[in-house]
Amino acid sequence: MTDAAGPARPSRPLRVAVVGAGPAGVYAAEALADQDDVPVAVDLVDRLPTPFGLVRHGIAPDHHKMRALADTLRRTLDHDRVRFVGNAELGSDLTVADLRAHTDAVVYTHGASGDRRLGIDGEDLPGSIAATDLVAWYTGHPDADRGLVESALARARDVVVVGVGNVALDVARVLARSPGELADTDMPQHVLDVLAAAPVERITVLGRRGPAQATFTTQELRELGHLEAAVALVDTAGLDDQSAVRAVARNLATLREWADHAPEPGRVSVLLRFFARPVRLEGTDHVTGVVVERTAVDAADRLTGTREIDTVPADLVVRSIGYQGRSLPGLPVDDRTGVVANEAGRVLRDGVLSPGEYVAGWIKRGPTGVVGTNKHDARETVAALLEDAAAGRLGPGGPEDDLVDTLLARGAHPVLLDHWRAIDDAETTLGATRGRARTTIHDRTALLGHAHPTPAR
Ligand code: NAP
């Protein structure tokens with residue numbers, strides 16, 4: 001195809017910037033690089049010095065098989081049509097206008113990194129945090145708020161996790177695991193030390209609707225029943241629901257196996273309690289409890305309150321009630337939906353298609369699905385992009401100067417593939433010092449020190 005990028009363009013590859021090197025971004029880069037119709041040059045841009053997004057900073061560190069997905073994703077970084085450009089942040093190092101000027105098309109895949117709020121009194125008390133805070137911390141995200149999380153964990157005897165999705169189960173499981181069970185993970189050493197010292201005795205996971213409405217998956221639920229130093233308990237309300245949906249029936253069957261479990265001395269209790277909606281967090285200078293209202297669910301799975309109130313003791317409250325897409329400077333999300341308005345991946349601005357702008361992943365469809373869901377999602381977006389390129393519908397295209405040259409001229413310090421490989425080597429070397437495959441380096445300065453050992457960073 002000779003004029004795939006539009007008739008006015010010289011015969012050079014179609015230049016595409018993908019913003020966000022998480023699974024959706026890598027899958028979009030892969031879909032672009034692996035097709036033979038149009039020569040492409042893809043810049044895979046990320047604000048972090050490291051690639052892989054939620055595979056590195058979301059998937060729980062004890063889920064080794066799922067984290068090994070990084071080994072598959074890294075093959076795309078090695079592709080000669082793809083260039084990783086890390087440590088380049090939209091809004092400070094680059095603008096949307098820069099990207100538009102340097103490329104023929106931009107695919108935004110920056111995910112949904114914000115946390116949702118409960119909107120109840122006491123939510124901002126010390127000791128009340130978002131799952132996103134905890135997950136960022138235990139996966140060694142450079143922006144994690146160590147003080148917030150570590151001070152909360154230091155006194156966390158009674159933990160309440162609000163929400164019954166897979167993130168809530170990740171959080172409960174990581175907090176309930178013994179130090180020995182976490183020893184072979186890639187968590188930073190300070191994370192392992194703080195978790196080992198945390199006084200956790202009881203974890204209550206609260207679902208505002210019934211067990212039949214929970215969004216966790218059976219495999220993740222079953223894991224809670226097989227922890228070395230914890231016992232899984234369940235409040236039996238709703239377990240006799242005769243659901244015809246297979247996934248729900250499997251969840252209920254797993255929960256029923258726990259119905260006669262009782263707390264065991266010396267083991268962490270992990271209690272799943274349903275039909276309980278938080279109405280207020282108690283405490284003066286620190287959270288001490290979650291006031292919950294018992295709920296009921298009608299035939300259409302809708303929630304109603306019963307006005308029956310009780311208080312669950314809590315020194316740490318983790319709200320795990322979903323993620324929220326955030327606007328990038330120059331790319332607003334729809335306040336109502338939390339995603340960038342789009343049609344099958346084509347960005348809409350003020351309801352009108354914006355030529356050359358696309359979205360994939362959570363910022364396109366919302367924070368749902370497993371990592372693999374992003375593959376199909378990214379392919380749909382790339383198909384739209386290539387169709388637009390073939391039809392000459394992209395914008396006028398950019399000048400010939402290079403994105404990385406522009407970043408360097410601005411005094412930025414982009415992390416390219418070889419720099420990332422140096423970080424990768426440093427993490428495996430650090431891991432080996434303690435008999436592990438890898439230890440995540442969490443400090444941005446240290447990461448950049450490995451990426452750019454000389455001259456000054
Ligand atoms: P999620 O599955 O949407 O779960 C959110 C939970 O929060 C639901 O139980 C929801 O209850 C509850 N909730 C929402 N607002 C609430 C409120 N105001 N008060 C009380 N509860 C509230 O989201 P997630 O757990 O953050 O997971 C995000 C995505 O990542 C999911 O697709 C998940 O499967 C995926 N993920 C997968 C894995 C894995 O495969 N191992 C691990 C982690 C994440 P309602 O249903 O009543 O709204």
Side-chain angles (χ1 to χ4, degrees), residues 22-24 53-69 111-123 128-136 138-139 160-174 204-224 238 245 247-248 251 272-281 290-298 300-305 312 314 317-325 337-339 361-374 376-377:
L54 283 186
V55 170
R56 181 177 165 98
H57 293 301
I59 293 179
D62 61 334
H63 276 171
H64 297 280
K65 264 202 200 139
M66 284 164 72
R67 286 183 74 81
L69 198 62
S113 60
D115 63 278
R116 295 183 55 212
R117 292 181 58 83
L118 288 162
I120 58 176
D121 284 349
E123 190 169 7
S128 163
I129 63 175
T132 48
D133 293 321
L134 191 63
V135 172
Y138 69 54
T139 59
V160 170
V161 181
V162 182
V164 281
N166 278 330
V167 172
L169 295 198
D170 281 350
V171 163
R173 190 183 66 254
V174 167
T204 306
V205 183
L206 292 180
R208 62 178 171 176
R209 297 187 290 153
Q213 289 83 37
T215 52
F216 48 60
T217 41
T218 309
Q219 195 181 338
E220 280 62 33
L221 182 64
R222 283 188 185 141
E223 266 186 290
L224 273 188
V245 181
V248 173
N251 283 349
L272 269 74
R273 179 175 166 188
F274 298 95
F275 300 109
R277 147 168 93 186
V279 290
R280 187 172 72 247
L281 302 194
V290 182
V291 179
V292 297
E293 177 185 21
R294 205 177 146 69
T295 61
V297 167
D298 68 14
D301 284 354
R302 272 188 313 250
L303 189 70
T304 52
V312 185
V317 177
V318 185
R319 61 177 183 279
S320 180
I321 59 169
Y323 288 75
Q324 177 89 22
T337 58
V339 299
W362 278 6
I363 201 63
K364 168 185 173 187
R365 68 174 198 277
T368 59
V370 293
V371 174
T373 314
N374 294 299
H376 171 77
D377 181 310

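Positions are given from 1, in the same order as the sequence printed here. Read the numbers this way: they start at 1 and go in the same order the structure lists the ligands and their atoms.
Here the closest non-hydrogen pair linking Asn251 and Phe216 is ND2-O, 3.3 Å. When all heavy atoms of Glu123 and Leu281 are compared, the closest pair comes out as CA-CD1, 3.8 Å. Of all heavy-atom pairs between Val279 and Ile120, the closest is O-CB, 3.6 Å. Nearest heavy atom pair, residue Val297 against residue Gly210, reads CG2-N, 4.1 Å. Taking every heavy atom of both residues into account, Val167 and Ser320 meet most closely at CG1-OG, 3.4 Å.
Atom 18 (N) of ligand 1 has as its closest protein heavy atom Arg208 NH1, 3.5 Å. Atom 24 (P) of ligand 1 has as its closest protein heavy atom Val167 CG2, 3.6 Å. Annotation: atom 41 (N) of ligand 1 to nearest protein heavy atom, Glu220 OE2, 3.0 Å. With respect to atom 34 (O) of ligand 1, the closest heavy atom belonging to the protein is Asn166 ND2, 3.1 Å. Considering only non-hydrogen protein atoms, atom 19 (N) of ligand 1 sits nearest to Leu118 CD2, 3.5 Å. With respect to atom 3 (O) of ligand 1, the closest heavy atom belonging to the protein is Thr215 OG1, 4.3 Å. When hydrogens are left out, the protein atom nearest atom 43 (C) of ligand 1 is Asp170 OD2, 3.4 Å; that is the closest non-hydrogen contact. Nearest protein neighbour of atom 22 (C) of ligand 1, counting heavy atoms only, is Ile321 CG2, 3.4 Å.
Contact annotation for atom 10 (C) of ligand 1: protein absent (non-hydrogen atoms, distance under 4.0 Å).
Side chain of Lys364 to backbone of Asp377: a donor-acceptor contact under 3.5 angstrom is found. The backbone N or O of Ile59 sits less than 3.5 Å from a side-chain atom of Arg67, completing a donor-acceptor pair. Judged by distance alone, the side chain of Arg173 and the main-chain N or O of Leu224 form no donor-acceptor pair under 3.5 Å. At distances below 3.5 Å, at least one donor-acceptor pair connects side-chain atoms of His57 with backbone N or O atoms of Thr139.
Atom numbering of ligand 1 starts at 1 in the shown order; those under 4.0 Å from a heavy atom of Val164 are 6 (C), 9 (O). The ligand atoms of ligand 1 that sit less than 4.0 angstrom from a heavy atom of Tyr323 are 26 (O). For ligand 1, the atoms lying closer than 4.0 Å to a non-hydrogen atom of Val162 are 20 (C). Ligand 1 places these atoms under 4.0 Å from at least one heavy atom of Thr368: 32 (O). Less than 4.0 angstrom separates some heavy atom of Gly165 from each of these atoms of ligand 1: 2 (O), 4 (O), 9 (O), 25 (O). Close approach to Arg209 involves these atoms of ligand 1, each under 4.0 Å from a residue heavy atom: 45 (P), 46 (O), 47 (O).
Not a single heavy atom of Thr217 sits less than 4.0 Å from an atom of ligand 1. Not a single heavy atom of Ala214 lies less than 4.0 angstrom from ligand 1. Distances from ligand 1 to the non-hydrogen atoms of Arg277 include no value under 4.0 Å. Using 4.0 Å as the threshold, Trp362 has a heavy atom nearer than that to some atom of ligand 1. The shortest separation from a heavy atom of Met66 to ligand 1 is under 4.0 Å, placing the residue in contact. Residue-ligand proximity: Gly322 is placed with a non-hydrogen atom under 4.0 Å from ligand 1.
If you check the side chains of His63 and Glu223, you find a donor sitting under 3.5 Å from an acceptor. Looking only at atom types and distance, the side chain of Asn166 has a donor-acceptor partner in the side chain of Thr217 under 3.5 Å away. With hydrogens and angles left out, the side-chain atoms of Arg365 and Asn374 include a donor and acceptor closer than 3.5 Å.
Here atom 29 (C) of ligand 1 lies nearest to Pro367 when heavy atoms of Pro367, Gly372, Gly163 are compared.
The closest side-chain heavy-atom distance from Arg208 to Val164 is not below 4.5 Å.
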